[in-house]
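Some notes on the structure that comes next.
Because the structure is predicted, anything quoted here is derived from the model rather than measured.
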Amino acid sequence: MTKQNENKEVEQPEVDCQPTAVEGEESAEQAEATEGVAEEQQPVDPLEQAKAELEKAKNEYLFLLAEFDNFRKRTIRERAELIKNAGEKAMEGILPVVDDFERAIQAGETTDDINALREGITLIYNKFMKYLESNGVKPIESTGADFNTEYHEAVTTFPAPDESQKGKVIDTVQKGYMINDKVLRHSKVVVGQ
């Protein structure tokens, strides 16, 4: 057997150790493929995989938390700005009425005609009431109506002149107003007893 082994060793052809350019490229590609297979074949530690997934979930959670916090702050800032601008618009609508009052005061100082002054003030009042109505503000009609605690605030009671006026509003001390079907200010009234 030793002779056969010697013959086999002799029969093996000599291999050229210097690769050609093409052989070198194939060797590099084979080495990369072998490394990729080796990486895929390495067993993945379930604990490491769970830690990686937990870290990823934690980062996503923190990102969403920061995004929600920014949304909340932006919403608060927008709401504050909206409230501020809503008041600005209301005040802008009142300025023409203020101008009319200033003109009425100047006219009152120079004129002796009380009727013209009264007529001017009535026009200003009507203009202002029209402005309020265009913004949803309406007066609460109270005198002669049944007393209702949702709309009226009893200032005092007064003996009713007849039986039909018991529990009804006899007089309105201060007019109440509603805005868009909500009480803005209750009417202060005298109720018949």
Side-chain angles (χ1 to χ4, degrees), residues 15-103 105 124-142 145-155 169 172-189 191:
V15 178
D16 186 14
C17 291
Q18 295 182 359
T20 61
V22 174
E23 289 176 349
E25 289 176 7
E26 289 176 4
S27 299
E29 289 175 3
Q30 288 174 351
E32 288 176 12
T34 309
E35 287 175 12
V37 171
E39 288 177 8
E40 290 176 9
Q41 291 177 352
Q42 284 181 339
V44 178
D45 183 21
L47 182 60
E48 291 298 321
Q49 186 177 4
K51 283 182 180 179
E53 288 176 4
L54 178 64
E55 188 65 29
K56 181 182 176 187
K58 183 180 174 185
N59 288 339
E60 289 177 0
Y61 170 75
L62 290 174
F63 176 75
L64 288 174
L65 188 65
E67 190 175 324
F68 177 73
D69 192 44
N70 290 339
F71 169 76
R72 186 178 54 80
K73 288 177 184 176
R74 184 175 58 246
T75 304
I76 290 170
R77 187 172 48 249
E78 288 172 355
R79 185 177 299 143
E81 190 174 315
L82 182 66
I83 291 169
K84 178 182 169 186
N85 291 339
E88 183 179 312
K89 183 181 177 191
M91 294 302 114
E92 185 180 334
I94 293 175
L95 291 179
V97 177
V98 172
D99 294 338
D100 289 345
F101 272 122
E102 288 173 350
R103 285 191 283 273
I105 291 170
I124 295 170
Y125 174 78
N126 290 335
K127 182 178 185 178
F128 188 63
M129 291 306 291
K130 190 179 281 187
Y131 169 75
L132 290 177
E133 189 176 315
S134 70
N135 284 291
V137 178
K138 297 176 185 172
I140 297 173
E141 298 300 327
S142 300
D146 290 334
F147 178 73
N148 185 342
T149 56
E150 290 184 27
Y151 303 116
H152 306 121
E153 178 182 335
V155 176
V169 176
T172 302
V173 177
Q174 185 180 47
K175 196 184 287 189
Y177 292 91
M178 297 183 71
I179 183 166
N180 300 324
D181 299 326
K182 179 184 171 199
V183 175
L184 186 61
R185 181 176 78 185
H186 290 84
S187 296
K188 293 185 179 183
V189 297
V191 181

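- Taking both residues in full, the closest heavy atoms of Gly176 and Ser187 are given as N-OG, 2.9 Å, listed atom of the first, atom of the second, then distance.
- Listed for the Arg74 side chain is no donor-acceptor partner under 3.5 Å among the backbone atoms of Asp69.
- In this structure, Thr172 OG1 and His152 NE2 are separated by 7.0 Å, a value rounded to the nearest 0.5 Å.
- Heavy atoms of other residues, nucleotides or ligands lying less than 6.0 angstrom from OH of Tyr131 number more than 12.
- With contacts defined as side-chain heavy-atom distances shorter than 4.5 Å, the pair Lys130/Asn126 does not qualify.
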| request: Carefully, step by step, assess Thr75 and Arg79 under the rule side-chain contact (heavy atoms from CB on, under 4.5 Å). | output: CA-CA 6 Å; Thr75 304; Arg79 185 177 299 143; 4.1 Å; yes
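- With rounding to the nearest 0.5 Å, the separation of CD in Glu60 from CD in Glu67 is 12.0 Å.
- Of all heavy-atom pairs spanning Val169 and Phe147, the tightest one is CG2-CA, 4.2 Å.
- Nearest heavy atom pair, residue Lys127 against residue Asp100, reads NZ-OD2, 2.9 Å.
- Using a 4.5 Å cut-off on side-chain heavy atoms (C-beta onward), Val98 and Ile94 make contact.
- A salt bridge is absent between Arg103 and Asp99; no separation between the charged side-chain nitrogens and carboxylate oxygens falls under 4.0 Å.
- The distance from the NZ atom of Lys188 to the CD atom of Gln174 is 5.0 Å, given to the nearest 0.5 Å.
- In this structure, CE on Met178 lies 13.5 Å from CZ on Arg185, to the nearest 0.5 angstrom.
- With rounding to the nearest 0.5 angstrom, the CZ atom of Phe68 is 12.0 Å from the NZ atom of Lys73.
- Around CG of Asp181, the count of heavy atoms belonging to other residues, nucleotides or ligands within 6.0 Å does not exceed 12.
- Atoms CD and CZ, from Glu81 and Arg77 in turn, are 9.0 Å apart once rounded to the nearest 0.5 Å.
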| Ile124/Val97 under side-chain contact (heavy atoms from CB on, under 4.5 Å): CA gap, chis, key distance, verdict | CA-CA 7 Å; Ile124 295 170; Val97 177; 3.9 Å; yes
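- With a 6.0 Å radius and a threshold of 12 heavy atoms from other residues, nucleotides or ligands, Tyr177 has its OH atom above the threshold.
- Of all heavy-atom pairs spanning Lys175 and Pro139, the tightest one is CD-CB, 3.6 Å.
- Side-chain atoms of Asn135 do not come within 3.5 Å of backbone N or O of Val137 as any donor-acceptor pair.
- In this structure, Lys51 and Leu47 have side chains that are in contact, with non-hydrogen atoms separated by less than 4.5 Å.
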